[in-house]
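What follows is a set of notes on a single structure, which appears directly below.
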2 protein chains.
Amino acid sequence: MRGEKYTGDVGETQNKCGKQRFLDFLGGKRLRLTAQRRAIVETVFSTTQHFTADQLLAWARKRDRSVSRATVYRTLPLLTESGLVREMDFGKGQTYYDPNYADHPNHSHLICEDCEKIVEFESEKIARLETEIGQKLGFSVTRQRLQITGSCDELKKRGTCKNLDPRSANSAALHEPR
Amino acid sequence: MRGEKYTGDVGETQNKCGKQRFLDFLGGKRLRLTAQRRAIVETVFSTTQHFTADQLLAWARKRDRSVSRATVYRTLPLLTESGLVREMDFGKGQTYYDPNYADHPNHSHLICEDCEKIVEFESEKIARLETEIGQKLGFSVTRQRLQITGSCDELKKRGTCKNLDPRSANSAALHEPR
DNA sequence: CTGCATGCAAAGACTTTGCAAGAGA
DNA sequence: TCTCTTGCAAAGTCTTTGCATGCAG
């Protein structure tokens with residue numbers, strides 16, 4: 001595979017720096033590091049899964065029962081503002097958040113319309129084309145958002161889809177992070 | 001400009017077929033052509049602008065006062081199901097709809113973060129790369145959704161942005177369609 | 001200490017839906 | 001006529017916010 005440098009889970013090790021970078025972000029804005037914020041941030045950067053506000057609340061509460069829904073909703077904008085997490089719209093009516101922008105600031109999503117699984121990937125070639133198109137239209141590209149939707153070839157041929165395999169990461173099936 | 005075949009307004013003439021194609025879609029599903037649906041559909045396909053449910057309601061009511069909010073919300077899914085209109089998320093909290101998929105089924109959006117204007121474009125090269133990436137990951141690409149965000153070069157150099165010019169079409173500033 | 005942050009509950013924004021009346025085909 | 005559609009208003013879902021209390025720096 002050439003051009004696509006990254007697919008799937010990046011593991012927890014790399015993501016650790018996401019947490020630290022967010023703490024630095026907070027410090028830079030003279031914002032306080034409260035127990036609740038710590039619980040939320042640790043939750044977010046200990047997973048590579050996409051999540052909703054509701055899921056984040058449930059997960060963060062396991063670390064600190066005192067985390068409230070309001071604080072989750074107040075922290076989410078900080079996370080997106082830091083650039084380490086980004087809002088995603090899967091047309092499901094609620095906003096999903098992707099914590100993988102800390103390690104992969106320019107990745108894209110391929111969504112399987114059969115099993116709803118999501119594969120993350122990066123493409124240098126597409127990034128270059130985007131910059132080029134932006135230039136031609138008179139803009140300096142600052143970021144991009146690409147979702148490719150497709151159907152699973154394996155499912156079509158074999159009647160089952162390997163993405164249903166729980167080992168595949170970054171799926172839309174949102175389990176609990178540890 | 002090569003690769004990008006289309007930018008900006010496509011005019012009303014081409015869009016007329018959007019309406020007819022939707023009426024055919026209704027007929028194919030044995031759905032009735034009511035006065036309210038007609039007003040909504042004529043509104044949608046007489047503009048190239050992106051709109052919200054609320055705006056569509058206001059506009060459609062000018063053609064037929066009897067159009068209700070409920071009918072707008074019930075018709076929107078039919079429009080998206082037909083493939084002639086697509087939901088768009090600009091992170092504004094509400095869903096926007098783009099009626100330009102009838103004429104340009106695979107176009108993308110460039111969004112200016114300075115003036116919020118939106119330029120539509122098509123790129124054959126990117127489309128090919130997407131298909132290629134999909135294949136490598138084991139999927140048959142059925143559709144894509146690409147948003148490029150950038151800052152306006154002109155604004156940076158001259159202190160003003162030509163996209164503020166009302167002549168530029170498909171802008172985020174949603175005026176009334178005729 | 002001082003002011004930012006929090007939890008709670010109420011409010012808000014947008015969208016969906018049950019139901020009786022209305023109207024295409 | 002026979003259903004599919006509609007308008008209305010109530011309900012639903014997700015998110016934001018006012019306020020008194022709490023706590024980090």
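Keep in mind that the numbers below use all heavy atoms, side chains included, and drop hydrogens, waters and symmetry copies. Numbers restart at 1 for each chain; the letters A, B, ... are given by sequence-line order, proteins then strands. Remember, it's a predicted structure, so these values are computed and weren't measured experimentally.
- Rounded to an integer number of Å, the gap from NZ of B:Lys29 to P of D:dC4 is 13 Å.
- Contact annotation: B:Arg37 reaches the phosphate of D:dT5 (side-chain N/O to OP1 or OP2, under 4.0 Å).
- In terms of phosphate contacts, A:Ser68 brings no side-chain nitrogen or oxygen within less than 4.0 Å of OP1 or OP2 of C:dC8.
- Side-chain N/O atoms of B:Glu120 and B:His107 include a donor and acceptor closer than 3.5 Å.
- When rounded to the nearest whole Å, the span between CG of A:Asp54 and C1' of D:dG12 equals 14 Å.
- Take A:Phe90 and apply the ring pair (Phe, Tyr, Trp, His ring centres under 6.0 Å) test, not counting sequence neighbours, and it matches A:His50, A:Tyr96.
- OP1 or OP2 of D:dT15 sits under 4.0 Å from a side-chain N or O of A:Thr95.
- In this structure, CG of A:Asp64 is placed 11 Å from P of D:dA24, rounded to the nearest angstrom.
- In terms of the side-chain hydrogen bond (donor to acceptor under 3.5 Å, both in side chains) criterion, B:Asn106 has no residue partners (sequence neighbours excluded).
- Atom pair A:Leu26:CG and D:dG25:C1' shows a separation of 14 Å (rounding to whole Å applied).
- Relative to the side chain of A:Gln94, the nucleotides D:dC14, C:dT15, D:dT5 differ in distance, and D:dC14 lies closest.
- The distance between atom CZ of B:Arg38 and atom P of D:dT5, rounded to the nearest whole Å, is 14 Å.
- Using modelled atom types, one finds no donor on one side chain facing an acceptor on the other under 3.5 Å when comparing B:Arg61 with B:Thr43.
- Every pair tested for salt bridge (charged side-chain N to carboxylate O under 4.0 Å, His left out) that includes a residue from residues 43-53 of chain A fails, sequence neighbours excluded, so the list is empty.
- Where A:Arg69 and B:Thr34 each meet DNA chain C at their nearest nucleotide, the meeting point lying more 5' is that of A:Arg69.
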Using a 3.5 Å cut-off and no angle test, enumerate the donor-acceptor pairs between side-chain atoms of residues 76-87 of chain A and protein atoms at least two apart in sequence or in another chain.
from	atom 1	to	atom 2	distance (Å)
A:Thr80	OG1	A:Leu76	O	3.4
A:Thr80	OG1	A:Pro77	O	3.0
A:Glu81	OE2	A:Lys29	NZ	2.4
A:Ser82	OG	A:Leu79	O	2.6
A:Ser82	OG	A:Leu84	N	3.2
A:Arg86	NH1	A:Gln144	O	3.3
A:Arg86	NH2	A:Gln144	O	3.1

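- Distance A:Tyr97 OH to D:dC14 C1': 10 Å, rounded to the nearest Å.
- Scored by the side-chain hydrogen bond (donor to acceptor under 3.5 Å, both in side chains) test, A:Thr71 finds A:Ser68 as partners (sequence neighbours excluded).
- Per the geometry, CG belonging to B:Leu57 stands 13 Å off P belonging to C:dC14, to the nearest Å.
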What's touching nucleotides 17-23 of chain D from the protein side, N or O pairs under 3.5 Å?
from	atom 1	to	atom 2	distance (Å)
D:dG18	O6	A:Arg74	NH2	2.7

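- As a whole-Å value, the separation of B:Gln36 CD from C:dA21 P is 18 Å.
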